[in-house]
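Right, one structure below, let's go through it.
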Amino acid sequence: MHELHLAQDILRKIQEEARTKELRTKISYAKVQLGQARFTHLEELLELFADISGGIKLEIEVVPVKTACADCKTEFSPKTMRLDCEKCGSTNIQVVSGNELIIQELKA
Ligand SMILES: [Zn+2]
């Protein structure tokens, strides 16, 4: 299941981050930047996370998917997501955001 896998990834990232910051007490709150391309059901993700995290309050800031033409640098939002550039016709399209999984804040 996609969302369960992601919930586990987030938890692992939080634990890694806690270790680098040498937070020895239990984490109670985490704020995470999450790219929209990584999940489909946010509610389901939050429920699954609550099940496995043992009481960490999770706040998610969703980063919208954005793609851009590598040739003329035009950026596209999800609604206009396409495989060729509407401006110059190039098929050299790159994903510029939407894949993030960044721990922004942790509280013990
Ligand atoms: Zn272009």
Side-chain angles (χ1 to χ4, degrees):
M1 231 163 78
H2 193 74
E3 257 75 9
L4 179 58
H5 201 96
L6 181 57
Q8 287 164 340
D9 271 0
I10 293 172
L11 184 60
R12 200 175 51 228
K13 269 246 168 176
I14 290 171
Q15 286 162 345
E16 279 173 14
E17 186 79 9
R19 220 169 298 141
T20 32
K21 289 187 169 164
E22 296 189 359
L23 289 169
R24 287 175 202 282
T25 38
K26 208 171 170 294
I27 303 301
S28 65
Y29 169 88
K31 189 176 175 190
V32 176
Q33 258 190 342
L34 191 64
Q36 204 163 22
R38 283 183 168 259
F39 65 90
T40 34
H41 306 289
L42 188 60
E43 301 253 308
E44 195 182 321
L45 174 67
L46 289 170
E47 274 172 34
L48 289 163
F49 184 83
D51 283 347
I52 61 167
S53 69
I56 300 175
K57 187 181 178 333
L58 181 65
E59 192 179 319
I60 287 182
E61 189 187 311
V62 177
V63 183
V65 177
K66 233 188 241 171
T67 55
C69 172
D71 292 326
C72 75
K73 311 296 178 201
T74 304
E75 284 199 355
F76 307 95
S77 60
K79 273 177 224 140
T80 56
M81 179 114 75
R82 44 195 286 167
L83 296 172
D84 60 326
C85 176
E86 58 187 17
K87 211 170 180 187
C88 73
S90 167
T91 51
N92 205 356
I93 304 295
Q94 294 171 331
V95 176
V96 289
S97 72
N99 246 326
E100 290 79 358
L101 202 186
I102 301 162
I103 310 294
Q104 286 204 303
E105 202 183 335
L106 289 181
K107 282 179 198 162

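This one's a predicted model, so the numbers in the text were calculated from it and none came from an experiment. Side chains are part of it too, since the values below use all heavy atoms of this structure and drop only hydrogens, waters and symmetry mates. Counting starts at 1 for both ligands and their atoms, following the listed order.
The two atoms that bring Cys85 and Ile93 nearest to each other are N-CD1, 3.7 Å, heavy atoms only.
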Show which side-chain atoms of residues 52-61 pair as donor or acceptor with protein atoms under 3.5 Å away, not counting sequence neighbours.
residue: Ser53; atom: OG; partner: Phe49; partner atom: O; Å: 3.0
residue: Ser53; atom: OG; partner: Ile56; partner atom: N; Å: 3.4
residue: Glu59; atom: OE1; partner: Tyr29; partner atom: OH; Å: 2.8
residue: Glu61; atom: OE2; partner: Gln33; partner atom: NE2; Å: 3.4

Exercise answer: donor-acceptor pairs, residues 95-108 side-chain atoms, under 3.5 Å, sequence neighbours excluded:
residue: Ser97; atom: OG; partner: Pro64; partner atom: O; Å: 2.9
residue: Glu100; atom: OE1; partner: Gly98; partner atom: N; Å: 2.8

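The set of protein atoms (N, O or S) found at less than 2.8 Å from the Zn ion (ligand 1) reads Cys69 SG, Cys72 SG, Cys85 SG, Cys88 SG, by chain and number.
Cys88 places a side-chain heavy atom less than 4.5 Å from the side chain of Cys69.
The salt bridge (charged side-chain N to carboxylate O under 4.0 Å, His left out) test applied to Asp9 returns Arg12, not counting sequence neighbours.
Under 4.0 Å is where a charged nitrogen must lie from a carboxylate oxygen, and between Glu17 and Lys21 at least one such pair does.
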